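Heavy-atom basis, side chains included; hydrogens, waters and symmetry copies ignored. Order of the sequence lines fixes the chain letters, A, B, ..., with proteins taken first and strands second; residue numbering starts at 1 for each chain. Keep in mind that what you see is a predicted model, and the values were worked out from it rather than measured.
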Amino acid sequence: MSRLNADARHRIRLEVNGRAVEGEAEPRMLLTDFLRHTLGLTGTHVGCEHGVCGACTIQIDGAPARACLTLAVQVDGAKLHTVEGLAPEPGRLSVLQEAFRRHHALQCGFCTAGILMSLDWYLRQTPDPGEVELREFLGGHLCRCTGYVPIVAAALDAAKRLRDA
Amino acid sequence: MKSAPFDYVRVGSLAEAHAVLAAEGGDAAVIAGGQTLVPLLSMRMARPKVLVDIMRVPELAVIVAENDSIRVGAAVRQAELLAWPELGASQPLLALALPWVGHAQTRARGTVCGSIALADPSAELPLCLVALGGDVVLSSKGGRRTVAADDFFTGLMSTDRRDDELIEAVRFPGRRTSEGFAFREFARRHGDFAIVACAAVANEKVLRLAIGGVADRPVARDFKGLDGAALDDALDAFASELDARDDLHATADYRRMLVRKLGRTTIEEARRCRA
Amino acid sequence: MSWVGQSIERVEDAALLTGRGRYIDDLGTPPGTLHAAILRSPHAHAMIRDIRTDAARAAKGVTAVITAAEVTRLGGPLLAGIRAPIQCWPIAVERVRYVGEPVAVVVAADRYLAEDALDLIEVDYEPLACVVHPRDALDPTSAVLHAGLKSNIASDRSFRYGDPEKAFAEAAHRIAVAVHYPRNSCTPIETYGVVADYDPWEDAYDILANFQGPFSIHPVIARALKVPGNRLRLRTPPDSGGSFGVKQGVFPYIALMGIAARVAGRPVKWIEDRLEHLAASVSATNRMISLEAAVAADGRVTALAWDQVEDVGAHIRAPEPATLYRMHGNLTGAYDIRNVSVRNRVVLTNKTPTGLNRGFGGPQVYYALERLMQRIAIELRLDPLDVIRRNLVPSGAFPYKTATGGLLDSGDYPAAVAAAVEDGGLAALKVRQTSARAEGRLYGIGYTAVVEPSVSNMGYITTVLTPEERRKAGPKNGAQATATIALDPAGAVSVHIASVPQGQGHRTVVAQIVADALGLAPKDIRVVTEMDTARDAWSIASGNYSSRFAPAVCGAVQLAAERIKAKLSRAAAAQLNVPAGEIEFAGGRVHARHNPDNALPFGRLAAASHWAPGTVADGDHALRETVFWTPPQLAAPGEDDDINSSLCHGFIFDFCGVEVDCVTGELRIDKYVTMHDCGRVLHPGMVAGQVTGGFAHALGAAVYEEFVYGDDGSFRTGTFADYLLPTTMEVPTPVILHYESPSPFTPLGAKGVGEGNCMSTPVCLANAVADALGIAEIDLPLSPAKLAALLPRGAP
Ligand SMILES: Cc1cc2nc3c(=O)[nH]c(=O)nc-3n(C[C@@H](O)[C@H](O)[C@H](O)COP(=O)(O)OP(=O)(O)OC[C@H]3O[C@@H](n4cnc5c(N)ncnc54)[C@H](O)[C@@H]3O)c2cc1C
Ligand code: FES
Ligand code: FES
């Protein structure tokens, strides 16, 4: 049992997108701040800091979760995936990302990283979702620009292409 | 919206958890999934001196089927219980209710015991615990005790837990033969806390309906043997006895009306499901 | 084949999809940048007796604490659009007037430490009686918010067009509605952000903010910082996480953080959090409207009498009371009504000040007007759709001058309605209604016809002034749009526009337009949209509002491209030995029309002005062209208060079928059809995106979203768990139809399209609910608890 003092910074080691990284954080530092401002991974966005909007969604140990409802110290030793790790290589988008672009499933793009990280997980769990089921899953994300219609279409299209691949 | 400072302790065993809680008492807060506590910290509505992270205590991370009940440890996440292969057979009510608890993204972190500890009157899991007549296992440096659900929830977001105690596990009674269940919820949006939630259990001995979202805690009543107009009358009486609240999204009267209508539907569904 | 009109993939998307967006909080800041947190008022109305900041100043990591003392010493008030003896500051001075009003700013090493220090500031408040409802603000005995005013009515103007008294006197019927449109906001997912720096040696501010325009606010900020405009360099980041008007409201914080940076002597960064945003950014106005119609026996409306009471909250913040006047030229909606009287009052209450929000005045006006049209039908036992049809501006009447001075540019409203009825399946919807009702279900159909204004006349706001006051102040009008196109030494084409996109894909559409003009592909065109007032071409009309991108900015781009093209054509003509009129641009080449082999690569021709200017005739140097374009139709308000408040007027006709649950009162949308005439469509995918996005906003406003205040002015919807945004589960897929009437007033024939559904959808849903429940009065939001209380007696 170790006690991390409130006023000090503590070393946190973890794996992000398959790479070992480390940084320092006070116990109270949110994972969103740690990712964005300590590790420089600004693709994860902050829309509400109280768990409702979903913009900060990343994958923690293989499941989608809110980075803003997580302390950096809680993920010491964990494996994280963020939007920066989604594209297979620079210059090439993943099937899901491409579907978003094709369907105009983003406008300002601020909500998009969270939605992609949720869907990336979901489509692996549920390769052939029905629209209602998919919409229910996406209910954990707020998008103010698109009205969701193209997001749902992109997700269904990506699911089909992934199945056919 | 940033938290005030706190120390952070990650405990590796139950004994360590008990030791910190004994030493710090009300200045400590257990952090489990953090889905409620972290925003409260960020809004500075909670200002503990020390956080006790219990999520890496191996003995708390287990679901066990024991003596006709399901024991869910304090480190078990809602998503883990929902994905537990035996859930549907062991306790269908939980399988019905869990998908209503927040969203997949919050269930992936939020724990079953954390929701019980929070005791939100609109939360689904406390409602199920009351409907099923389950109990809560509390432990501290001084020992362990078990409290029945009805006694555990003592008011609005308040419970029988003492500051030095940890909820070690909750126990949901398992499904008995020829038992029927139903769960219904009305919320403004899917994934929101309920305006009214109903859970019903029907077996040869009881026909219990529990209501969440209306009074300051989930409340259950037995409607065994009632039917037709008599059932309506009994539901009316139940609804008017509930100390309903007005809030932004619904009036007390509206909640009582939903108790009558949704309650009846839920009861009938549980009966049908039993048959 | 042209690029314009195709739904090509957006150039913006790859970066946004891979986490490489550059929003304000993603950009590096200068070394030594400090972070601000704001202490906000917990009271709706109170005197500030004392503020003690010593403990905060001494706290760990704190560099400065700023209060009204510093702000009033170093800055000035924020000017507003009306002449009144009141002042609005970016921080509370002596008194707080709404919950969330800034009281002090802490500047510290990081945001956590800044918030720690906020806890240490002690403020003594002396609470005052407060005014929450606009009805109470009209009461002369209510507590007065601004002592200089003597009452809470900041403006009271009456207008008269045609002969409304006569029309009412002669009318067969007088039919009226009274509505109160509630408060809500489009709440972009990204909040406000500002990074401010001050150079004491030059007395100049350099401020980066996710401000969206209009840049008529730039002089307001410069005044508040007490510097001439050339010492306020205002910049915007490359990406913005949505705005919908709301990010206009960041401007008081631009001034506030400027002063904080000046006091701290270091750059200061502030990122608003969601709680601050909900409580204290901006809201759309809530408005009480009484609207009466003079109606002939057949349902023809001969006159309208408007009485509007606009609640702008605690301060009149620029550009308010613009929300009240934006629709002035189209107060008769899509209808041919020649007589109008208007009384407009602006009142102050102890709520958050209002500002730009998608729809801006349209949701309020059309809620009253279209509820009225339904009431006329019901009271006269006519079909609501017939009443709409009978009153529409007739085909062939365009451009049509409205009674209040608007100029409806183009359209064929009856034809668009007919197409919607046919293609949207109204007949089948009526059958569904009949069978649902036969089963005892509560099923209603609603209709709305709306004129969607776009490209605001910068002078419309002055309609709030009397002609006399306007004469003194000098005329205001127009809507300068600007675009700059530059050719580099190898002929690569760059474009800059001052449109400050908030996610609407401006870079893509502009590339399409320029590619078409110069015979290139969109990938050959690089478009830059971040703004820098110190270097870029801009005007007060620049920015992202009033749906001005497609009609105005794209028009300016087209004109700039044509200008470059004309110069290049003349240069090519000399080289290819054909008349300039025979030069064509296609496939990256410039060739003679009748002999395509007589050609030059575009890059070579474009490079000439860099490398061999001597070979290019004087005046034809095609290096960089900046075009400013303002439409002549946008004149200042006339002596009779007639005002063409917007350049373009799209047309929308919506109808929908809804069911209200007989038990829970929950509203379910069975079908929603929305017909748009937005002129020429430049990118169908983006137009669809604007419509579905606007529809979702409108649905939120209609059913889920309301800023709720307690009687004591307490703010009750301070989180996203209380202020409910619709999710995928709540937003159905609308049927979108188009009718295309290009605007004769814009270079490309396009009109705005971004806001229409925020104007048409809330009232269309309300009309359908009123039909389902058989009720005469209904205000938003259409929440289940409210509807359940209105269920007809005897419902199951
Ligand atoms: C967007 C959103 C939507 C949600 N919707 C719902 C919903 O519809 N229904 C619902 O029920 N919940 C909902 N929740 C809350 C739910 O997700 C939480 O998971 C749950 O209420 C708390 O569990 P937790 O493990 O996250 O607890 P934490 O946040 O870690 O802790 C909550 C409280 O319980 C205490 N605590 C936790 N574990 C223990 C323990 N073992 N012993 C003693 N004390 C303990 C903590 O000290 C704290 O006071 C929602 C949350 C979010 C963010
Ligand atoms: S920022 Fe985490 S859910 Fe909104
Ligand atoms: S694309 Fe802007 S919030 Fe979703």
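The residue among C:T191, C:T719, C:V731, C:D25 with the most heavy atom pairs within less than 4.5 Å of chain A is C:D25. Most heavy-atom pairs under 4.5 Å with chain C: of the set A:G147, A:P150, A:G43, this distinction falls to A:G147. For chain A, the option among C:G241, C:A696, C:P188, C:S7 with the highest count of heavy-atom pairs below 4.5 Å is C:G241. When the candidates C:D273, C:T733, C:I8, C:T187 are compared by the number of heavy-atom contacts under 4.5 Å with chain A, C:T187 comes out ahead. Between chain C and the options A:G51, A:P90, A:G139, the largest number of non-hydrogen pairs under 4.5 Å is found for A:G139. For chain A, the option among C:A14, C:G503, C:P732 with the highest count of heavy-atom pairs below 4.5 Å is C:G503. Ranked by non-hydrogen atom pairs under 4.5 Å with chain C, the options A:H141, A:R36, A:R28 are led by A:R28.
At a heavy-atom separation below 4.5 angstrom, chain C is approached by A:Q97, A:F100, A:R101, A:R102, A:H104, A:L106, A:Q107, A:C108, A:G109, A:F110, A:T112, A:L116 within residues 94-118 of chain A.
Heavy atoms closer than 4.5 Å to chain A are found nowhere in C:L27, neither backbone nor side chain. Both the backbone and the side chain of C:E190 come within less than 4.5 Å of a heavy atom in chain A. Interface residue C:Q690: backbone and side-chain heavy atoms are both found under 4.5 Å from chain A. Heavy atoms of A:E49 lying under 4.5 Å from chain C belong exclusively to its side chain. Within the 4.5 angstrom heavy-atom criterion, no atom of C:H506 approaches chain A. For A:V83, the parts sitting under 4.5 Å from any heavy atom of chain C are the backbone and the side chain alike. When heavy atoms are compared at a cutoff of 4.5 Å, C:N757 does not approach chain A at all.
C:T18 contributes atom OG1, which lies 9.5 Å from atom CG of A:L86 (distance to the nearest 0.5 angstrom). Going from atom NE2 of C:H277 over to atom SG of A:C48 covers 12.5 Å, rounded to the nearest 0.5 Å. Rounding to the nearest 0.5 angstrom, the gap separating the CD atom in A:E136 from the OG1 atom in C:T728 is 9.0 Å. Atoms OH and CG, from C:Y112 and A:L30 in turn, are 4.0 Å apart once rounded to the nearest 0.5 Å. Atom CZ of residue C:R20 and atom OG1 of residue A:T42 lie 9.0 Å apart, to the nearest 0.5 angstrom.
For C:R274 (side chain) and A:C53 (main-chain N/O), no donor-acceptor pair under 3.5 Å exists by modelled atom type. Judged by distance alone, with hydrogens and angles left aside, the side-chain atoms of A:Y148 form a donor-acceptor pair with the main-chain N or O of C:P726 at under 3.5 Å. Listed for the A:R144 side chain is a donor-acceptor partner under 3.5 Å among the backbone atoms of C:C186. Remark: the backbone N or O of C:F720 is paired with a side-chain donor or acceptor of A:H50 at under 3.5 angstrom.
Within 6.0 Å of CZ in A:R19 there are 12 or fewer heavy atoms belonging to other residues, nucleotides or ligands. A 6.0 Å sphere centred on CZ of C:R668 holds more than 12 heavy atoms belonging to other residues, nucleotides or ligands.
Between C:R111 and A:D33, no side-chain nitrogen of the basic residue sits less than 4.0 Å from a carboxylate oxygen of the acidic one, so the salt-bridge criterion is not met.
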